[in-house]
Q: 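The structure follows.
For ligands, and for the atoms within them, numbers begin at 1 and follow the listed sequence.
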Amino acid sequence: MYTLGEFIIENRDSFSTHSIEALLRLFSSIKLASKAIHKEVNKAGLTKKIIGSSGITNIQGEKQKKLDDFAHRTFIESFKNRNIVCGIASEESKDYIIINNKKNKKEDLLKNQYIVLIDPLDGSSNIDVNVSIGTIFSVYLRKSTHQIDVTDFLQKGNHQILAGYIIYGSSTILVYSTGNGVHGFTLDPSVGTFYLSHYNLSFPKNKREQIYSINEGNYEKFPDGIKKFIKYCQKKKGNYSYTARYIGSLVGDFHRNLIQGGIYIYPKTAYHPKGKLRLLYECNPMAFLAEQAGGIASDGRRRILDIKPKKLHQRTPFVCGPIDIVSKLEEFMKNSV
Ligand code: P6P
């Protein structure tokens, strides 16, 4: 059974673009933080102090849950202590956080090279009702050579060197890609180690029953193309029959659809005219994974990874899944107003 560290070392050649040590340090931070969050999530129901709202309204105007704040602080601390990340942008913080602004000296090729964008705990409205939640992370090489600035964070998704998520569900699984396929590692809490459990994850090919995941409560306000796609799914025309599954947690819905086959859609709605999901730390990493798993991800028209970000917390409509199903939705979108 490969541990995550052994898998990285064993696949040395496939990470040739980035130093193995850098990746091991990045994952050392991510694993440590995710184990601490796993522990809290798994006893959330028992200790009043960790469930419920923190009383803070975050930058998104959303009621921050105590576990959101805990996850945010835990990741910041774990990245700070390994001298590998120079800046972090988090859903829970208005501005990006400079971890280390030291000028890159030649010999410091390792240090402070990496930029992390993170949704520390996605789907947190599900915490108090015991439904799967997750952390989503996206990593880039810094562009600045002196002062870190916002351009380090506003990079297109196709410049990501690492993206992934941790799902805190019936088990805690870390799923990532460095551009060489998608791999999943399940935490064995008894030894505190992540073991390879899902090698080369990809959307199932030619599966006759597919899933479509969308909040149909917003149906009335969906763009016409989305309404037509939903009706297409319900009419069970074409090669596939569809079943609806939606748990209101992007990581949970994405993970299930990646394994069982299905499309995830969050279009623009009346309440979110630009879409609800954030481009930098939700859509870009999930789009990177979707493409690495043989699928595609768009805003209904444009490839997500090609979108040039303008703001840290900007939102976008988002659809991802198997190529033929996403293409069908894009066809409806193209032929509608
Ligand atoms: P709605 C969670 O807040 C999230 O960002 C995603 O994880 C999830 O898919 C979506 O929003 C749920 O939004 O409007 O359907 O409750």
Q: Can you confirm whether Y114 sits close enough to F79 that some side-chain heavy atom of one is under 4.5 Å from a side-chain heavy atom of the other?
A: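 SC-SC contact between Y114 and F79 ruled out.
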Q: Mark the output for S249 as yes if a heavy-atom distance to ligand 1 is under 4.0 Å, and as no if none is.
A: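 In this structure, S249 qualifies as a contact of ligand 1 - some heavy atom is under 4.0 Å.
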Q: Under 4.0 Å, heavy atoms only, figure out whether ligand 1 is touched by the backbone of D253, its side chain, both or neither.
A: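 Under 4.0 Å from ligand 1, D253 contributes no heavy atoms.
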Q: Any side-chain heavy atom of R303 within less than 4.5 Å of one from E291?
A: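 They are in side-chain contact.
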Q: Within a distance under 4.0 Å of any heavy atom of Y246, pick out the atoms of ligand 1 and give their elements.
A: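 Those qualifying, in numeric order: 1 (P), 9 (O), 10 (C), 12 (C), 13 (O), 15 (O).
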Q: Distance-only criterion, 3.5 Å: show the donor-acceptor pairs between side-chain atoms of residues 163-174 and protein atoms not counting sequence neighbours.
A:
{"residue": "Y165", "atom": "OH", "partner": "H255", "partner atom": "ND1", "Å": "2.7"}
{"residue": "Y168", "atom": "OH", "partner": "T135", "partner atom": "OG1", "Å": "2.8"}
{"residue": "T172", "atom": "OG1", "partner": "H38", "partner atom": "ND1", "Å": "2.7"}

Q: Using distance alone, with no hydrogens and no angle criterion, decide if S213 and R256 have a side-chain donor and acceptor under 3.5 Å apart.
A: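 Distance-only check passes for S213 and R256.
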Q: Just heavy atoms, cut-off under 4.0 Å: does L250 contact ligand 1 by side chain, backbone, both, or neither?
A: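 Answer for L250: both.
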Q: Determine the interplanar angle of the Y264 and Y246 rings, folded into 0 to 90°, and report it as parallel if under 30°, tilted if 30 to 60°, perpendicular if over 60°.
A: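 Ring orientation of Y264 relative to Y246: parallel.
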Q: Is it true that the NZ or CZ of K231 lies under 6.0 Å from the centre of Y219's six-membered ring and within 45 degrees of the ring axis?
A: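 K231 over Y219 ring: yes.
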Q: Mark up the atoms of ligand 1 that fall under 4.0 Å of a heavy atom belonging to N215, in ascending order.
A: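 Listed by number with element, the hits are 1 (P), 14 (O), 15 (O).
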Q: Mark up the atoms of ligand 1 that fall under 4.0 Å of a heavy atom belonging to E282, in ascending order.
A: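 That gives atoms 5 (O) of ligand 1.
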Q: Please determine if N218 has a nitrogen or oxygen closer than 3.5 Å to a nitrogen or oxygen of ligand 1.
A: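 Between N218 and ligand 1 (N or O atoms, distance only) the closest approach is not under 3.5 Å.
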Q: At a non-hydrogen distance cut-off of under 4.0 Å, which region of R278 contacts ligand 1 (side chain, backbone, both, or neither)?
A: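 R278 to ligand 1: side-chain contact only, backbone stays beyond 4.0 Å.
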Q: Please could you name the atoms of ligand 1 that Y264 approaches to less than 4.0 Å, counting only its heavy atoms?
A: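 Listed by number with element: 8 (C), 9 (O).
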Q: With sequence neighbours excluded, give me every side chain to side chain donor-acceptor pair (under 3.5 Å) pair touching residues 318-336.
A: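 Matches after skipping sequence neighbours: K228-S336, Y240-D324, S298-E330.
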Q: Would you mind running through ligand 1 and noting each atom that sits below 4.0 Å from a heavy atom of Y266?
A: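 Those of ligand 1 that fall under 4.0 Å from Y266 are 1 (P), 13 (O), 14 (O), 15 (O).
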